[in-house]
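Scroll down for the structure; my scribbles are underneath it.
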Amino acid sequence: MCLAIPGKILYKEGDTGKVELGGVTREVGLQLVPESKAGDWVLLHAGFAIQVVDEEEAQATLDLLEEFFKAETEDG
Amino acid sequence: MGERFKPGDLSGFKDSARVRMLSERIYSFYPGGEHKIMEVCGTHTMAIARYGLRGLLPKGLVLLSGPGCPVCVTPASIIDAAIGLAGTKTVSVLTFGDMLSVPGSKSSLEVMRSKGADVRVLYSAYDMLRMADEERNRQFVFISVGFETTTPGTALAVMEVKKRGLENVSFLVANRLVIPAMDALMRLGEVGIEGFLCPGHVSVIIGSDAYRAVSSTHGVPCTVAGFEPVDILLAISDLTEQIKSGRHEVSNCYPRAVRPEGNEAARRTADTVFEECDAEWRGIGTIPLSGLVLRPEYREYDALTRFGIRLLQVEEPPGCRCGDVLKGLILPPECGLFGNRCTPDRPVGPCMVSSEGSCSAYFKYKGI
Ligand code: SF4
C-alpha cells in the first residue's frame, strides 16, 4: 500500500493544490512538499504529495543506462 | 535511446530493451551459487510478480518477500478490535480499502459490512474530516495502518481533527516502521539475507541515508529501488555487483524520488503526532521500537482508550505460515494451504488478502 504515482501540480491554493494525474484532476494536500510549485511533478500517496520528482536525476538514470548499453556493445 | 525524460511518461523505465540488457548484465556479474536478496516492500513483490522479473534472473538468485505489507503485518487483535467497533450502532469504522477483507480471528470488516455495519473506505485520511463534521452524532474510528510513506498524511489528519475540535473522531493506531523490522530479520539470522532491495516510497520519507546503520551493523548491502521493471532490475544489478565484490554499501537507484536525507517536512509532521513504541507484527512477533503510538498531546484521540478496548492475543489459523513467509524463511508455495485451502477468494492468512501480500502475488501470477 506504499505506492505513489506521479501527477502534475496545476495550481496551488494554500496547503492544497489541484493535480493532474492520468487525465483526471484531483485536490491533494501539499503540506508535506512546502517547496513545490505549479508545474512541478509530485509523487502522490493517499491524497498527499510526498515528494517533488527530480527530473534531472531521472535523466541521469536514463543516461547511466545508455552508458551500460554502450559498454555492452563494446564488450560484445 | 537518448531521449529526454518527461515526468508523466515512465516508458523509459519500462523499456524492454533495457530490461533485457539489465538482465544480461546481472548474469554477467553473477558469482554463481545461491544468493538471497529480500525485497522489503509489498509493492515490489507485486511488481516483480507482475512483470515476471524472476524469470530474468540467474537461477541461484532468490528474491524473498519481506515483511513490507502493512496490511499483512497488522495484528489480528487490531482487526478484531475494529470488528468489535463496527458492531456498535453509533460507530463508523473508516479504513483504507486494503484492510477490508483481512481476516481477524473470526470475521473481517467486509463480512461486518455485508451484515449492515457502517464500514467506510477512505482514499485519504483527510476524507474523515468532512464526514465527522457533517455527522456529529456518530463516532468515527480510523484504522491507522501504514509505513513511513503513509504516516505523515495520517498525522496531518490527526492534527486537523484537534484543530477543528472534532470530538467524534479517534484512531486505532497500528503504524509500523520498516528499519527496525529489517534489523530484527538480520538479527534472527535464520534467513541468510545478503542484500536488501529497499522500499522506494518509504525511502522518499526516511531517505537513503537511513539504511546506513543496518547496512554497516550487519554488513549487508542496501539498495533503494523504484517500481518500474527497469528500476527494480537496476537495483538488483547493483546488489549483485556488491555481493560479488563483497561490498556492503547503501545505494540509491531511485534518485528521481529519493534524496539521501528524505523528506524532512514529512518526518517532522509524523514526529509531531506520533512516538515510537515496541510493536507486534503479525506472524513475526514483537519488534522493539518498530511501531507508533499517539504522543500524550494527542492521546485523547486514541480509540483503544476512548472505547476502553483491551487487545486480545489471537492464535493464527492452523497451518497458515504467513509468519515464515514474512520472515523470508519460505516462499508461499511451500505453505501446505497455498492454492488449495487458501486462495485470494477464500484467504486463510493475511498474506493472501492484500494484493501486495506475497501469497496473493504468487498465486495471481503463478506460472509466469
Ligand atoms: S498461503 Fe495462505 S495459509 Fe499459507 S502462508 Fe500464505 S496466507 Fe497463510
Side-chain angles (χ1 to χ4, degrees), chain A residues 1-10 14-17 19-36 39-76, chain B residues 1-8 10 12-13 15 17-18 21-22 24-25 28 41-43 46 68-71 96 98 122-127 145-150 152-154 156 199-202 204-205 226-227 230-231 234 237 253-259 263 265-266 269 354 356:
Chain A
M1 65 176 275
C2 292
L3 196 61
I5 46 173
K8 186 181 185 173
I9 302 180
L10 300 175
D15 272 353
T16 62
V19 167
E20 187 197 324
L21 69 159
V24 291
T25 48
R26 247 187 205 282
E27 185 171 319
V28 305
L30 296 173
Q31 298 93 330
L32 307 174
V33 286
E35 75 283 13
S36 64
D40 280 349
W41 283 79
V42 284
L43 283 173
L44 302 167
H45 170 77
F48 297 93
I50 57 169
Q51 190 58 280
V52 178
V53 177
D54 188 328
E55 300 180 26
E56 299 287 310
E57 287 289 2
Q59 186 63 46
T61 306
L62 292 179
D63 293 346
L64 176 76
L65 290 164
E66 196 137 340
E67 301 266 300
F68 286 176
F69 254 118
K70 280 204 198 113
E72 251 188 37
T73 2
E74 276 160 27
D75 287 355
Chain B
M1 287 295 113
E3 82 272 25
R4 290 299 308 163
F5 172 71
K6 291 184 254 23
L10 291 172
F13 293 93
D15 178 62
R18 287 184 173 135
M21 183 267 291
L22 285 167
E24 281 163 24
R25 200 177 152 81
S28 74
C41 170
T43 313
M46 262 296 286
C69 157
V71 175
F96 290 131
D98 320 47
L122 303 191
Y123 165 68
S124 155
Y126 251 40
D127 296 346
V145 296
F147 291 139
E148 289 87 337
T149 325
T150 314
T154 305
L156 285 169
H201 295 139
V202 164
V204 162
I205 308 296
F227 296 92
V230 166
D231 291 319
L234 184 62
S237 113
C253 288
Y254 192 31
R256 65 182 182 278
V258 174
R259 323 270 184 265
N263 180 337
T269 305
S354 156
E356 292 173 4

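So that the names make sense, note that chain A is the first sequence line, chain B the second, and so on, each numbered from 1.
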Heavy-atom contact with chain A under 4.5 Å, split by part of B:Val145: both
Contact check, side chains of B:Ile205 and A:Leu32, non-hydrogen atoms, under 4.5 Å: no
Exam field: side chain B:Asn263 to backbone A:Ile50, donor-acceptor pair closer than 3.5 Å: yes
Top of B:Met46, B:Glu24, B:Glu356 for chain A proximity - count of heavy-atom pairs under 4.5 angstrom: B:Glu356
B:Thr43 portion near chain A, given a 4.5 angstrom heavy-atom threshold: side chain
Contacting region of B:Leu234 [heavy-atom separation from chain A under 4.5 Å]: side chain
Main-chain N/O of B:Gly12 paired to B:Asp15 side chain as donor or acceptor, under 3.5 Å: no
Neighbour count >12 (heavy atoms, 6.0 Å) for atom CD, A:Glu56: no
Sidechain-backbone polar pair: A:Asp40 side chain, A:Ser36 backbone, donor-acceptor under 3.5 Å: no
Test item: B:Arg18 and A:Phe69 side chains (from C-beta on) under 4.5 Å apart, heavy atoms: yes
Side-chain donor/acceptor of B:Glu148 to backbone N/O of B:Val202, under 3.5 Å: no
Among B:Leu10, B:Thr150, B:Thr269, B:Thr149, residue most engaged with chain A (heavy-atom pairs, under 4.5 Å): B:Thr149
Gap between atom CZ of B:Arg256 and atom CH2 of A:Trp41 - 0.5 Å precision: 12.5 Å
Toward chain A, the part of B:Val204 with a non-hydrogen atom under 4.5 Å: both
B:His201 side chain to A:Ala4 backbone, donor-acceptor under 3.5 Å: yes
Choice from B:Phe227, B:Tyr126, B:Tyr254 maximising heavy atom contacts with chain A below 4.5 Å: B:Tyr126
Contacts of residues 42-49 of chain A with chain B (heavy atom under 4.5 Å): A:Leu43, A:His45, A:Ala46, A:Gly47, A:Phe48
